[in-house]
Colleague: 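One structure is given below, represented as structure tokens, and several questions about it will come after.
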There are 2 protein chains.
Amino acid sequence: MFRDIPLPHLDISNIRSSCASCSLRELCLPVGLNDQEIHILGDVVSHKRRISRGGYLHRTGIKFQSLFAIRSGFFKTCVLEEDGRQQVTGFHMTGELLGLDAISSDIHTCDAIALEDSEVCEIPFTKLEEISLVIPSLMRHFHKIMSREIVRDHGVMLLLGSMKAEERLATFLLNLSRRFCMRGYSESEFNLRMTREEIGSYLGLKLETVSRAFSKLQDENIITVDNKRIQINDITRLRLKMGNSSCVT
Amino acid sequence: MFRDIPLPHLDISNIRSSCASCSLRELCLPVGLNDQEIHILGDVVSHKRRISRGGYLHRTGIKFQSLFAIRSGFFKTCVLEEDGRQQVTGFHMTGELLGLDAISSDIHTCDAIALEDSEVCEIPFTKLEEISLVIPSLMRHFHKIMSREIVRDHGVMLLLGSMKAEERLATFLLNLSRRFCMRGYSESEFNLRMTREEIGSYLGLKLETVSRAFSKLQDENIITVDNKRIQINDITRLRLKMGNSSCVT
DNA sequence: CGAGGTATTGACCAGTATCAAGATGCGTGG
DNA sequence: CCACGCATCTTGATACTGGTCAATACCTCG
């Protein structure tokens, strides 16, 4: 999408110790490391990769080698069944770690697809485990990241198991809003990177239902929808949508 | 909470190096450790706890100290929302590890409730992290366990997001069957430890729907249901139920 | 043996899926 | 820069799954 900004970025894979100077260090793996530790990590993480919109970062079934930290861009991950059924398991933004599912079997268990031109830092997992042994705080933080992913998944299970369409969408928008906000973007206005169908897959709904839920929230003046552009007009009422199905008129 | 039950089983907490002699060592945390390593782990894991049916192993909101390995018994974990909505996030049997969700924030994010009289090994997490630094294979296995939990959750998300009631129940029964089988029990005949309501919560269905799905599978002679006793008569046809909604008559 | 929790089944209804038609937006090539 | 074509989105009509409510049966445990 922003592909042809005229950057001379061939050099980028050669920058060493990049974690130290990365603007995402407070969101990403290096949280809580001192300067020396962050340089050790930086040496391990030196390789970068660009994935253009629609490209695969990894596919189900391929051998697991590395985790990936998102430096810029936006990804979806999805699992699919033999019969072709597909489920988006998550949307991922800068600072988040991809590939955690693959540690268990050394094989990736989902696809990771870029929803816009993106850049990731490749973290060879064996090396990460090695340096974890000498940087206990890195190990601890890594455990927290994995655990956070489990908590996140439980939240999605709650959503899929017990919420109605409108509640699901409200929860989804508020989650995006919070994550954009954490990264310094507006919490009330943002562009969706994914289609209605992808949102639907994530939320366990059909795309038409997602579209209707958007329209309904717009009719109530809670949000303004202009295709992929979302503006949250009344975040309080949006929050109410999330929890309280009984007060729907 | 059940600390002051007048237990005659004080002796049990004094057994040392228990992992070495535990019949679950091939299912549980010690997988892949040598004898020396397993004794180090055993020293850390020495404390045991009994939870009687209906009792809490941990509750949402309490401080996280330890992981728990299930030595005997059966647990459910569930998350709940402010508005009282509840979702069972998993059923857990011997050899499985509970508490992984709490690592991220040092606070338990779900309840763990025994569905039958159970016994767990308490694993102080700080100590586990400490000995991981000197037993790399333990660290690696622990990472695999966390990752496996993430994969499991993605499977549940797929189930909740894209399967019909009957497919969900078939998937659930086959999953239980496989796990009983791995533990040396019959894969075709077992007792459910949970109620229809708990199954429903886990599968994103109401208890009546679960009951109807059981009856339907029984009418088709795929399973025999006698209250909590389940017998799988035709595992092949049950597997077909799981994937292929198009061939339902 | 009785009470409370649990399970089954039926009738009806709500919410979402499905099918279909059209509108809008976006990328590509002329 | 415009026009075309394809993907995406919106909206309506209808069908169907599963939810809700209710009555009854069953099981378990004190």
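Keep in mind that this is a model prediction, so the values were computed, not measured.
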Colleague: Using whole Å, report how far CD of Glu198(A) lies from C1' of dA7(D).
Modeller: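 For the pair Glu198(A) CD and dA7(D) C1', the rounded distance is 12 Å.
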
Colleague: Are Asp117(B) and Ser52(B) close enough that a side-chain donor and a side-chain acceptor fall under 3.5 Å?
Modeller: no

Colleague: Does Ser23(B) have any side-chain contact (heavy atoms from CB on, under 4.5 Å) partners at least two apart in sequence or in another chain, and if so, which?
Modeller: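 None.
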
Colleague: With sequence neighbours excluded, what pairs up with Asn227(A) under the side-chain hydrogen bond (donor to acceptor under 3.5 Å, both in side chains) test?
Modeller: none

Colleague: For the helix from dC1(C)-dG30(D) to dG30(C)-dC1(D), what is the angle between the axes at its two ends, each from 5 pairs, rounded to 10°?
Modeller: 50°

Colleague: Taking CG from Leu217(A) and P from dC9(D), how many angstroms apart are they, rounded to a whole number?
Modeller: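 After rounding, the reported distance stands at 16 Å.
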
Colleague: What one-letter contact string describes nucleotides 25-30 of chain D from 5' to 3', where B marks a base within less than 4.0 Å of any protein heavy atom, S marks contact via sugar-phosphate atoms alone, and - marks no contact?
Modeller: --S---

Colleague: Using atom types as modelled and distance alone, determine if a side-chain donor or acceptor of Arg49(B) lies under 3.5 Å from a backbone N or O of Leu57(B).
Modeller: yes

Colleague: Between protein and nucleotides 17-20 of chain D, what N or O pairs are separated by less than 3.5 Å?
Modeller:
from    : atom 1 : to        : atom 2 : distance (Å)
dG18(D) : OP1    : Ala165(B) : N      : 2.6
dG19(D) : OP2    : Lys206(B) : N      : 3.3
dG19(D) : OP2    : Thr209(B) : OG1    : 2.4
dT20(D) : OP2    : Lys206(B) : NZ     : 3.4
dT20(D) : O4     : Arg212(B) : NH2    : 2.9

Colleague: Rounded off to whole Å, could you give me the NZ-to-C1' distance for the Lys228(B) and dT6(C) pair?
Modeller: 7 Å

Colleague: Looking at residues 154-161 of chain B, who's got a heavy atom less than 4.0 Å off DNA chain D?
Modeller: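 Of all residues in residues 154-161 of chain B, none places a heavy atom under 4.0 Å from DNA chain D.
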
Colleague: Do the non-hydrogen side-chain atoms of Ile230(B) and Phe214(B) ever get within less than 4.5 Å of each other?
Modeller: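 Heavy-atom side-chain distance check passes, below 4.5 Å.
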
Colleague: Taking atom types as modelled, find out whether His154(B) and Thr109(A) have a side-chain donor-acceptor pair closer than 3.5 angstrom.
Modeller: no

Colleague: Have Gln87(B) and Ser162(A) got a donor and an acceptor in their side chains that come within less than 3.5 Å?
Modeller: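 No.
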
Colleague: Measure the distance from CZ on Arg229(B) to C1' on dT6(C) and round it to the nearest whole Å.
Modeller: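 Distance check: Arg229(B) CZ to dT6(C) C1' gives 18 Å.
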
Colleague: How far does CD1 of Ile232(A) sit from OG of Ser186(A), to the nearest 0.5 angstrom?
Modeller: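 Nearest 0.5 Å value for the CD1-OG distance: 8.0 Å.
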
Colleague: Would you check if Leu169(B) and Leu217(B) make a side-chain contact, meaning some heavy-atom pair closer than 4.5 Å?
Modeller: yes

Colleague: Quick one: side-chain contact (heavy atoms from CB on, under 4.5 Å) partners of Ser118(B), sequence neighbours excluded?
Modeller: Phe75(B), Ala114(B), Glu116(B)

Colleague: Contacts to DNA chain D from residues 189-197 of chain A, heavy-atom cutoff under 4.0 Å, which residues?
Modeller: Thr195(A), Arg196(A)

Colleague: For Thr224(A), what residues pass the side-chain contact (heavy atoms from CB on, under 4.5 Å) criterion, not counting sequence neighbours?
Modeller: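 Per chain and number, Thr224(A) pairs via side-chain contact (heavy atoms from CB on, under 4.5 Å) with Gln218(A), Gln231(A), Asn233(A).
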
Colleague: Please enumerate all residues that pass salt bridge (Lys or Arg N to Asp or Glu O under 4.0 Å) together with Glu96(B), with sequence neighbours excluded.
Modeller: Arg179(B), Arg183(B)

Colleague: Expressed in angstrom and rounded to an integer, what is the separation of Leu203(A) atom CG from dG15(C) atom C1'?
Modeller: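 Between C1' of dG15(C) and CG of Leu203(A): 16 Å.
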
Colleague: In Å, rounded to the nearest 0.5 Å, how long is the span from CG of Asn191(B) to OH of Tyr185(B)?
Modeller: 11.5 Å

Colleague: Can you pull out every ring pair (Phe, Tyr, Trp, His ring centres under 6.0 Å) where at least one residue sits in residues 53-73 of chain A? Sequence neighbours excluded, please.
Modeller: His58(A)-His108(A), Phe64(A)-His108(A), Phe64(A)-Phe125(A)

Colleague: Anything under 3.5 Å between a donor and an acceptor, one on a side chain of residues 205-213 of chain B, the other on a protein residue two or more places apart or in another chain? List them.
Modeller:
none

